[in-house]
2 protein chains.
Amino acid sequence: MTEEDHWAADRVLAEDAVMRATIIETVSPLFYARGFTAVGMDELRAVTGVSLKRLYRLFPSKEDIVEEVLLSWRGTWEANLRAQVESTQVPRERLLAVFDFLAGWFTSEGFRGCAFINSFGELGGISGRIPAIVRAQKKEFQEYLARVATASGAPETLAPQLAILAEGAVTTAAIAGSAESARQARAAAEILVDAALAPAASTLIAL
Amino acid sequence: MTEEDHWAADRVLAEDAVMRATIIETVSPLFYARGFTAVGMDELRAVTGVSLKRLYRLFPSKEDIVEEVLLSWRGTWEANLRAQVESTQVPRERLLAVFDFLAGWFTSEGFRGCAFINSFGELGGISGRIPAIVRAQKKEFQEYLARVATASGAPETLAPQLAILAEGAVTTAAIAGSAESARQARAAAEILVDAALAPAASTLIAL
DNA sequence: AGGACCCGGGAACGAGCGTTCTCCTCGGTT
DNA sequence: AACCGAGGAGAACGCTCGTTCCCGGGTCCT
């Protein structure tokens, strides 16, 4: 194989990569809105304009597309969350920013709950890799929250509690179709955060 | 139609009702373990020993079976929850009993999250009656919690917060495969309940 | 210019599903 | 004893879906 062939092959691979990315970006909203099983390969072909043959050359199977969509969601979710958290430097506000982020998300067009939880409900009963990705995303979120919390000097018990509050707010908002749970969760979080950041005062009460 | 015919017809209807109940009871664990779409009618026939013909005479369609299974889950869930809550008379303990109930549930064999949330993830994208049932169950839970909370003299902001905590604990436990979230949610609930039941003290802190 | 290769369109295939139909057996009635 | 309707077993039907195959046209190299 000549050097030019190497270059050409690399270029093809790069083009495939960008094509894969645009496909994932295009089909993600569909999967989010209706679920994975409800969107067929032919609909993916129609919405992307990419022939089935090419789709199957770019992705070995539909499950691989689903996986990459999940990974893409993970990336955008983390980026949006980080942006909101890092918009302030006050430790207390950084922790509560999680719930402001949720409030904005819940009121956004087409909100239908956490894609990972939905995927878990849809595919958790059957095969392997999807639940693992869901688990990884939740773990990542919890660890990020733990970093923010410990940076604020909070005890390590706080972060899991806030994570549970956030998780509950998301599913409650999705099912009830209302953004109210973000406010309610934020109010609860304020109490927990204040209790955690002022341990002396609460001890005082206990006495 | 003679009077005896009336009796016979009633007896048949009654037998159908009990048969329906036993079928629902038999297939519920299957649906819970693997999801609704993953369990086919033929498997229902095999596990119940009831022929397809009779199944379709007892239930107009698979969706009707799914609906009744959801309603059955609703009943057992509420009964178990009530039993745990009413095992004590101390207002504070009654509220926290919710999370003790969760802890027991999470460690039970075959726990795989909230059947309603899973169903919502599986079938929420395609319309119909199932999401409505899920919504009704969540509303019922929140209202029950609100009754317990107000009976304890807590402000009406507490119950939604506890509901969100419980919801989050369930999905966290399901995805992480651990019962830890019940303990963590209980700890958070203690703080919220104590803050709500001792408003004077927290006001004192604020000053 | 000619041929080899690539690629999109879409038909085809095989599996799985919910639902219905057919055949046969069996128990009860006249 | 003969008939009749109900009910079970399971094949059949129609549909959907993931995946593959075939064909026709276009493109690039020689």
Side-chain angles (χ1 to χ4, degrees), chain A residues 1-9 11-16 18-20 22-24 26-27 30-31 34-69 119 122-123 125-130, chain B residues 1-2 4-5 7-20 22-24 26-27 30-31 34-69 119 122-123 125-130:
Chain A
M1 185 186 273
T2 74
E3 209 162 339
E4 284 77 9
D5 286 343
H6 264 300
W7 293 346
R11 207 165 66 88
V12 167
L13 287 180
E15 280 169 5
D16 280 4
V18 51
M19 180 59 90
R20 288 222 304 245
T22 63
I23 288 172
I24 296 299
T26 307
V27 306
L30 252 98
F31 278 140
R34 311 220 310 271
F36 287 121
T37 57
V39 179
M41 289 299 294
D42 200 63
E43 195 169 353
L44 298 190
R45 179 197 55 79
V47 83
T48 59
V50 177
S51 73
L52 279 179
K53 193 175 191 176
R54 191 142 176 225
L55 279 177
Y56 272 96
R57 195 163 46 76
L58 293 170
F59 304 95
S61 76
K62 187 188 180 185
E63 193 177 357
D64 294 83
I65 302 180
V66 168
E67 277 186 49
E68 292 221 21
V69 167
S119 306
E122 186 179 2
L123 307 169
I126 26 193
S127 95
R129 292 173 295 183
I130 278 86
Chain B
M1 187 183 276
T2 74
E4 286 76 9
D5 286 343
W7 294 345
D10 288 353
R11 208 167 62 91
V12 167
L13 287 180
E15 281 170 4
D16 280 4
V18 53
M19 181 58 91
R20 288 223 302 245
T22 64
I23 288 173
I24 296 300
T26 307
V27 306
L30 253 100
F31 279 141
R34 311 222 310 270
F36 288 119
T37 57
V39 179
M41 289 298 294
D42 199 64
E43 194 169 353
L44 298 189
R45 178 199 54 79
V47 83
T48 59
V50 177
S51 73
L52 280 178
K53 194 176 191 175
R54 190 139 174 228
L55 278 176
Y56 272 95
R57 193 164 48 76
L58 293 170
F59 304 94
S61 74
K62 187 187 179 184
E63 193 177 358
D64 294 83
I65 303 180
V66 168
E67 276 185 52
E68 292 221 21
V69 167
S119 306
E122 187 179 1
L123 306 168
I126 29 194
S127 85
R129 296 167 293 182
I130 277 84

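So that the names make sense, note that chain A is the first sequence line, chain B the second, and so on, each numbered from 1.
- Partners of A:Arg129 under the side-chain hydrogen bond (donor to acceptor under 3.5 Å, both in side chains) rule, at least two apart in sequence or in another chain, are A:Glu63, A:Glu67.
- Taking atom CD of A:Glu43 as the reference point, atom C1' of D:dG18 lies 14 Å away to the nearest angstrom.
- Taking atom OH of residue A:Tyr56 and atom P of nucleotide D:dC17, one finds them 12 Å apart after rounding to whole Å.
- Side-chain contact between B:Val50 and B:Ile23 is present, with at least one heavy-atom pair separated by less than 4.5 Å.
- Within the 4.5 Å cutoff, side-chain heavy atoms of A:Leu44 are placed close to those of A:Met41.
- Take B:Phe59 and apply the ring pair (Phe, Tyr, Trp, His ring centres under 6.0 Å) test, not counting sequence neighbours, and it matches no residue.
- Residue-level contact check: A:Ser61 touches the backbone only, with heavy atoms under 4.0 Å from sugar-phosphate atoms and none from bases.
- Atom-to-atom, CG of B:Asp42 to P of C:dT19 comes out at 13 Å; the value is rounded to the nearest Å.
- Between the CG atom of B:Leu58 and the C1' atom of C:dG18 there is a distance of 17 Å, rounded to whole Å.
- Going from atom CG of A:Leu44 over to atom P of D:dT19 covers 11 Å, rounded to whole Å.
- Within the model, atoms OG1 of A:Thr48 and CD of A:Glu43 stand 10.5 Å from one another, a figure rounded to the nearest 0.5 Å.
- Not a single donor-acceptor pair under 3.5 Å links the side chain of B:Glu122 to the backbone N or O of B:Gly35.
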statement: Given protein heavy atoms under 4.0 Å, the one-letter contact record of nucleotides 5-14 of chain D, with B base, S sugar-phosphate only and - none, is simply --BBS-----
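- Atom P of nucleotide C:dG9 and atom CG of A:Leu55 are separated by 11 Å, given to the nearest angstrom.
- Here C:dG16 presents its P atom at 16 Å from NZ of A:Lys62, a figure rounded to the nearest Å.
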